[in-house]
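Here the structure is laid out as structure tokens; the discussion comes afterwards.
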Amino acid sequence: MTNPLHIAFFGECMIELSGLPLKKGFGGDTLNTALYLSRLTENTPVSVSYATGLGEDALSEQLVSAWQDEGINTSLVQCYSDKLPGLYMVETDQQGERSFMYWRDSAAVKSYFAGYELSLLEQSMKQGSVDAVYLSGISLAILSDASKERLISTLSDFSQAGGLVIFDNNFRPQLWTVEQAKHWYSELLSIVHIALITEDDDQLVWGKDESVEERSQRFGCKETVIKRGCEPCKVIWQQEGNTRHAYVSAERVSNVVDTCAAGDSFAAGYLAARLNGQSAEAAATLGHQLASTVIQFSGAIIPKAEMAHLTLS
């Protein structure tokens with residue numbers, strides 16, 4: 001992989017309401033990864049963009065401003081005068097268990113690939129002004145079938161032209177069925193270069209008859225990272241015509257506060273290293289280091305100062 005490199009993330013970021021009294025924040029799997037990647041690569045040639053749909057309201061403007069403050073390029077954000085961002089509320093019971101309520105059925109991001117004109121991300125892929133595109137299972141699940149087809153078709157052309165497609169399999173059963181996820185994952189995986197696979201989510205979708213490694217090889221993924229929580233992750237990649245394997249141990253943490261965004265931050269650490277030319281093993285190590293830091297704080301996004309010890313060297 002060569003630098004400079006421009007990576008665009010596509011997905012949904014929603015307004016988050018939580019706590020008593022209610023506090024306003026924001027959250028979303030691809031946005032979490034984009035933000036942490038932007039922090040880690042701020043002094044490297046890697047450029048991070050976020051593509052999504054928002055409204056023209058004050059909340060949408062606050063989201064864009066917050067992302068820009070984190071060094072994220074927002075030129076691929078498409079705003080709709082008649083739409084709003086999605087919303088969710090987090091409630092925590094006396095045992096610390098969290099529950100979620102969502103208001104996202106008419107969120108602006110659902111219109112991103114639904115217009116007659118090409119979206120800003122589609123234009124960038126066709127023009128070659130982005131080098132890599134990252135999306136997740138949630139990114140796909142929130143779209144209509146027609147929008148899914150359109151996105152995957154554009155990604156296929158982008159991949160054939162030399163673009164890098166990166167996929168995280170985040171599966172949320174409240175968004176779609178196992179059968180739907182399996183169908184669309186099958187459509188996408190054949191054009192994915194780097195697959196970040198959470199083992200538990202994978203088994204919910206595919207079962208256990210075929211291993212993640214076997215499936216990745218069947219679909220032709222060049223690089224697969226199997227995320228296994230606190231257990232060592234497994235990395236499979238192609239190097240000089242050979243298939244390489246490595247297990248990389250996670251960092252044990254005694255003070256786990258909140259596992260929200262553990263997988264998202266791991267992905268950011270992994271990509272930060274890989275996109276800057278480091279080995280797969282070094283990338284997985286940085287992913288674990290960032291994830292083990294994030295889970296020691298409440299919420300998906302931790303203070304930037306708490307990441308000061310993490311470097312790409």
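Being a predicted model, the structure only gives us computed values, none of them experimental.
At distances below 3.5 Å, not a single donor-acceptor pair connects side-chain atoms of Thr74 with backbone N or O atoms of Gln68. In terms of modelled atom types and a separation under 3.5 Å, the side chain of Ser60 and the main chain of Glu56 share no donor-acceptor contact. The closest donor-acceptor contact from the side chain of Glu122 to the backbone of Ser119 lies under 3.5 Å. Between the side chain of Ser38 and the backbone N or O of Ala34 there is no donor-acceptor pair closer than 3.5 Å. A donor-acceptor contact shorter than 3.5 Å is absent between the side chain of Ser190 and the backbone of Phe219. Between the side chain of Lys148 and the backbone N or O of Leu143 there is at least one donor-acceptor pair closer than 3.5 Å. Ser279 contributes a side-chain N or O that, together with a main-chain N or O of Ala282, makes up a donor-acceptor pair within less than 3.5 Å. Judged purely by atom type and a 3.5 angstrom limit, Ser111 has no side-chain atom pairing as donor or acceptor with the backbone of Ala114. A donor-acceptor contact shorter than 3.5 Å links the side chain of Gln123 to the backbone of Leu118.
Crowding of Asp145 atom CG: a count of heavy atoms from other residues, nucleotides or ligands under 6.0 Å exceeding 12. Within a 6.0 Å sphere centred on CD of Gln174, other residues, nucleotides and ligands contribute more than 12 heavy atoms. No more than 12 heavy atoms of other residues, nucleotides or ligands lie within 6.0 Å of CG in Asp105, so this atom counts as exposed by the packing criterion.
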Distance-only check: which donor-acceptor pairs under 3.5 Å involve side-chain atoms of residues 151-159, not counting sequence neighbours?
unit_1	atom_1	unit_2	atom_2	d
Thr154	OG1	Arg150	O	3.0
Ser156	OG	Gln160	NE2	3.4

Without placing hydrogens or testing angles, list every side-chain donor-acceptor pair under 3.5 Å for residues 17-28, not counting sequence neighbours.
unit_1	atom_1	unit_2	atom_2	d
Lys24	NZ	Gln62	OE1	2.9

Extract all donor-acceptor atom pairs below 3.5 Å that involve side chains of residues 294-302 and protein atoms in other chains or at least two apart in sequence.
unit_1	atom_1	unit_2	atom_2	d
Gln296	NE2	Ser292	O	2.9

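With Ile7 as the partner, the side chain to side chain contact (heavy atoms under 4.5 Å, CB included) test is satisfied by one option alone out of Asn73, Leu275, Leu164, Val133: Leu275. Of the listed residues (Val235, Ile197, Val192), just one forms a side chain to side chain contact (heavy atoms under 4.5 Å, CB included) with Thr224, and that residue is Ile197.
Residues Phe10 and Leu76 fail the side-chain proximity criterion, which asks for heavy atoms closer than 4.5 Å. Contact of the Glu213 side chain with the His245 side chain is registered, since non-hydrogen atoms from C-beta on lie closer than 4.5 Å. Under the 4.5 Å side-chain criterion, counting only non-hydrogen atoms from C-beta, Val130 is in contact with Met125. The side-chain heavy atoms of Met14 and Trp103, taken from C-beta on, include no pair separated by under 4.5 Å. No side-chain heavy atom of Leu31 sits under 4.5 Å from any side-chain heavy atom of Leu63.
Residues that satisfy the side chain to side chain contact (heavy atoms under 4.5 Å, CB included) test with Asp201, not counting sequence neighbours, are Asn169, Asn170, Phe171, Arg172, Thr198, Leu204. In terms of the side chain to side chain contact (heavy atoms under 4.5 Å, CB included) criterion, residue partners of Tyr247 (sequence neighbours excluded) are, by chain and number, Arg228, Pro232, Lys234. The salt bridge (Lys or Arg N to Asp or Glu O under 4.0 Å) search around Asp131 returns none, not counting sequence neighbours.
At a threshold of 4.5 Å between side-chain heavy atoms, the hydrophobic network of Ile, Leu, Val, Met, Phe, Trp and Tyr places Ile142 and Val178 in one connected group. If you chain together hydrophobic residues whose side chains sit under 4.5 Å apart, Leu59 and Leu87 fall into the same group. Cluster membership for Val48 and Val109, using ILVMFWY side-chain heavy atoms within less than 4.5 angstrom, is not shared. Residues Val212 and Ile194 do not share a hydrophobic cluster, clusters being chains of Ile/Leu/Val/Met/Phe/Trp/Tyr side chains in contact below 4.5 Å.
Distance CG/Asp200 to NZ/Lys227: 11.0 Å, rounded to 0.5 Å. Of the inter-residue distances, the one linking Lys222 atom NZ with Gln238 atom CD reads 8.5 Å to the nearest 0.5 angstrom. Taking CZ of Phe266 as the start and CG of Leu286 as the end, the distance is 9.0 Å to the nearest 0.5 Å. Between atom CG of residue Leu120 and atom OH of residue Tyr112 there is a gap of 4.5 Å, rounded to the nearest 0.5 Å. Between Glu12 atom CD and Lys110 atom NZ the span is 6.5 Å, to the nearest 0.5 Å. Taking OG of Ser249 as the reference point, atom NE2 of His288 lies at 7.0 Å (rounded to 0.5 Å).
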Requested in this report: Test Trp237 against Glu281 for side chain to side chain contact (heavy atoms under 4.5 Å, CB included), laying out the working first.
Outcome: CA-CA 10 Å; Trp237 73 100; Glu281 297 99 319; 3.7 Å; yes
Query raised in the report: When you look at Leu271 and Tyr134, which way does the side chain to side chain contact (heavy atoms under 4.5 Å, CB included) test go after all the steps?
Result: CA-CA 10 Å; Leu271 291 175; Tyr134 179 108; 3.6 Å; yes
**Report entry** Verdict with reasoning, Leu140 to Leu135, per side chain to side chain contact (heavy atoms under 4.5 Å, CB included)
**Finding:** CA-CA 8 Å; Leu140 279 179; Leu135 71 162; 4.2 Å; yes
Requested in this report: Assess whether side chain to side chain donor-acceptor pair (under 3.5 Å) is satisfied between Thr30 and Thr33, documenting all intermediate values.
Outcome: CA-CA 5 Å; Thr30 53; Thr33 302; over 6 Å; no
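Proximity of the aromatic rings of Phe167 and Tyr185 is defined here by a centroid distance below 6.0 angstrom, and this criterion is met. The aromatic ring centroids of Tyr102 and Tyr88 lie less than 6.0 Å from each other.
Between Ser265 and Tyr36, the shortest heavy-atom distance links the atoms CB-CD1, 3.9 Å. Across Ala280 and Arg274, no two heavy atoms sit closer than the pair N-NH1, 3.5 Å. Between Ala250 and Gly229 the shortest heavy-atom distance is CB-O, 4.1 Å. For Ser186 against Trp206, the heavy-atom pair with the smallest separation is OG-CH2, 3.2 Å. For the residue pair Ile191 and Val165, the shortest heavy atom distance occurs at O-CB, 3.4 Å. Contact detail for Pro85 and Ile15: the closest heavy-atom pair is CG-CG1, 4.1 Å.
Using modelled atom types, one finds no donor on one side chain facing an acceptor on the other under 3.5 Å when comparing Ser124 with His6. With 3.5 Å as the limit, one finds no donor-acceptor pair spanning the side chains of Glu70 and Tyr50.
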